[in-house]
Number of protein chains: 2
Amino acid sequence: MLTTTGIAEIAALVGDPARSAMLVALMDGRALTATELANVAGIMPQTASSHLGRMTVAGLLAVERQGRHRYHRLASSTVATMIEGIMAVAAEPANRTKRKVRTGPRDAAVRRARSCYDHLAGSIAVAVADRMGERGYITDLAAGGELSAEGVVFLRSIGVDVDTALNRTTARKLFCRPCLDWSERRPHIAGTIGAALLNACFEHDWMRRTDGSRAISITRTGALALNSNFGIKSGEE
Amino acid sequence: MLTTTGIAEIAALVGDPARSAMLVALMDGRALTATELANVAGIMPQTASSHLGRMTVAGLLAVERQGRHRYHRLASSTVATMIEGIMAVAAEPANRTKRKVRTGPRDAAVRRARSCYDHLAGSIAVAVADRMGERGYITDLAAGGELSAEGVVFLRSIGVDVDTALNRTTARKLFCRPCLDWSERRPHIAGTIGAALLNACFEHDWMRRTDGSRAISITRTGALALNSNFGIKSGEE
DNA sequence: TTCATGCTTCGATGGCGGCCGAAGCATCGA
DNA sequence: TCGATGCTTCGGCCGCCATCGAAGCATGAA
């Protein structure tokens with residue numbers, strides 16, 4: 001059987017605590033060095049090197065070498081989607097009852113806004129996609145999504161670099177892909193446009209990365225901007 | 001970290017050849033006995049029993065006992081979605097180049113129509129969802145989906161048992177969930193409605209299960225029905 | 001009650017793989 | 001050229017777990 005053994009190989013790679021810790025650390029789309037990932041996983045660099053090598057040949061990771069550093073990142077958004085899928089199962093009720101679950105304020109922050117691969121996820125991201133759909137900026141999000149002409153104008157008006165994003169691929173259709181959201185399980189905006197949107201949020205200082213977590217914090221100006229541009233109340237404005 | 005270890009546990013379960021073979025065998029939503037699954041995986045019953053027990057406590061499988069038989073099925077559609085996600089990675093170009101891939105006619109059939117958990121998947125299923133969206137039978141499929149009043153009338157007219165399906169849950173909203181599709185990566189109709197729809201296709205003898213494969217064959221009358229009801233040309237009418 | 005079937009539990013075995021120490025390559029700075 | 005840093009390769013150790021034989025429980029039939 002073609003698929004069966006392939007599935008087992010891929011899943012076995014994720015099925016190691018050290019490797020899954022590294023993969024989760026890379027879920028925000030950044031590229032990290034081998035030693036950084038070794039620290040994340042709590043293992044020695046030589047062990048991490050072995051893991052990273054195996055995940056790379058399996059197509060889970062991609063490597064870019066800069067000088068004597070080697071930066072590792074997730075190979076594709078398919079991999080990120082897969083990990084979100086596994087997360088969803090791991091977070092299901094059947095497993096929650098087993099171990100005690102305390103959903104602290106930090107988890108709440110992650111659930112509200114976090115980075116998924118290279119774009120924004122969480123309830124805020126879902127709300128953004130909803131509003132843009134309501135206003136006709138995005139059409140047919142379920143079927144791959146298409147950015148309308150009004151959508152281009154709108155995004156450009158709030159400082160998103162739509163044009164370079166548009167130049168990077170051939171068809172406009174592919175830009176707004178739905179991406180099953182871990183906590184919300186509803187689509188948000190991914191792809192090149194999603195990356196450009198998140199990038200703009202950082203450049204405007206609407207949002208900031210959080211150290212040691214996938215959570216993204218929303219600044220005061222960001223809360224105001226979300227309200228005025230999207231009509232989203234994040235509770236901090 | 002809460003999620004990291006949980007992810008590794010779930011993935012490690014899938015990461016065994018015998019277990020992944022069983023999971024794939026269950027992907028069509030049917031419930032199989034322990035011995036049947038042992039045959040699928042090519043292992044002894046006692047070994048299979050151990051695997052099934054572990055997957056059940058982990059929340060991957062659910063068991064129903066009938067007499068001296070124990071029927072195992074996937075615990076939820078979340079699990080099915082996860083496995084499709086892993087399949088997508090295993091089928092990615094990076095892995096295809098490694099081993100030889102021959103996409104024979106049988107793979108083409110699987111890609112066109114197959115069962116995913118308890119509902120229909122493949123290009124036909126995507127087309128069905130598209131048409132129903134175009135005609136306003138389904139609204140907002142991307143955001144969980146909602147069946148409109150016209151949709152209820154339509155489905156009832158083609159012999160889908162909508163009413164029992166509607167009674168089985170509380171809100172109409174939950175019925176049409178998008179489900180990332182393995183080959184198409186576009187949403188199709190899942191949930192209770194999706195199950196009722198597939199069921200109707202079997203009862204009308206529009207489609208038939210294929211032995212030893214997830215593929216679903218389309219009968220001649222089924223092709224005609226798809227064309228007249230949905231305007232979908234499957235190439236066999 | 002007795003036997004057969006389906007499945008589970010127990011115990012022992014064997015192998016795969018994660019882990020680290022030490023050594024071997026690259027790259028950068030002086 | 002020499003040392004420092006980042007990373008990889010090699011070798012050996014250890015533990016976990018998949019596997020199967022045999023025995024123990026259920027359920028159903030004779």
Side-chain angles (χ1 to χ4, degrees), chain A residues 1 4-26 30-58 60-75 98, chain B residues 1 4-26 30-73 75 98:
Chain A
M1 193 97 178
T4 298
T5 80
I7 291 175
E9 287 176 13
I10 299 293
L13 283 176
V14 189
D16 177 80
R19 283 193 292 258
S20 67
M22 299 193 225
L23 288 171
V24 170
L26 293 171
R30 283 182 298 187
L32 301 178
T33 67
T35 19
E36 286 173 320
L37 289 168
N39 289 335
V40 167
I43 53 178
M44 291 285 110
Q46 60 269 36
T47 310
S49 177
S50 162
H51 287 312
L52 293 170
R54 293 182 58 183
M55 288 195 281
T56 304
V57 300
L60 295 185
L61 299 183
V63 200
E64 298 165 14
R65 43 191 323 165
Q66 286 182 13
R68 51 182 164 182
H69 296 276
R70 288 203 168 182
Y71 288 94
H72 301 263
R73 59 174 180 81
L74 296 187
K98 283 197 328 189
Chain B
M1 192 96 179
T4 298
T5 80
I7 291 175
E9 286 176 14
I10 298 294
L13 283 176
V14 188
D16 176 81
R19 284 192 292 258
S20 67
M22 300 193 218
L23 288 171
V24 169
L26 294 170
R30 283 181 299 186
L32 301 178
T33 66
T35 17
E36 285 173 320
L37 289 168
N39 289 335
V40 167
I43 54 179
M44 291 285 110
Q46 61 268 35
T47 309
S49 177
S50 161
H51 288 312
L52 293 170
R54 293 182 59 184
M55 288 195 281
T56 303
V57 300
L60 295 185
L61 299 182
V63 200
E64 297 164 14
R65 44 190 323 163
Q66 285 182 16
R68 52 181 164 181
H69 296 274
R70 289 203 167 183
Y71 288 94
H72 301 263
R73 59 173 179 81
K98 284 198 324 188

Original post:
Taking only side-chain nitrogens and oxygens of A:His51, does any of them come within less than 4.0 Å of OP1 or OP2 of C:dG17?
Top reply: no
Original post:
Hey, does A:Ser50 reach any base, or is it just sugar-phosphate, or nothing, if we go heavy atoms under 4.0 Å?
Top reply: nothing
Original post:
When you measure from the side chain of B:Met44, which nucleotide among C:dC20, C:dC28, D:dC20 comes out closest?
Top reply: D:dC20
Subject >> Nucleotide of C:dG18, C:dG21, C:dT9 approaching A:Gln46 most closely (side-chain heavy atoms) >> reply: C:dG21
Original post:
Does B:Leu52 or A:Ala18 map to a spot on DNA chain C nearer the 5' end, using the closest nucleotide for each?
Top reply: B:Leu52
Subject >> Per A:Thr35 side chain, nearest of listed nucleotides C:dG18, D:dT9, D:dC7 >> reply: D:dC7
Original post:
Taking A:His72 as the fixed residue, which of A:Leu60, A:Leu37, A:Leu32 is the one that meets the side chain to side chain contact (heavy atoms under 4.5 Å, CB included) rule?
Top reply: A:Leu37
**OP:** Could you please name the option among D:dC20, D:dC7, C:dG6 that lies closest to any side-chain atom of B:Thr47?
**Re:** D:dC20
Subject >> Whichever of B:Gly42 and A:His69 has its nearest DNA chain D nucleotide further upstream toward 5' >> reply: A:His69
Subject >> Any B:Arg65 side-chain N or O less than 4.0 Å from OP1/OP2 of D:dA26 >> reply: no
**OP:** Tell me which nucleotide among D:dC7, D:dC17, C:dT8 gets nearest to the side chain of B:Ser49.
**Re:** C:dT8
Original post:
Which sits closer to the 5' end of DNA chain C, A:Arg68 or A:Arg54, going by the nucleotide each is nearest to?
Top reply: A:Arg54
Subject >> N/O (side chain, A:Arg70) to phosphate O (OP1/OP2, D:dT8) under 4.0 Å >> reply: yes
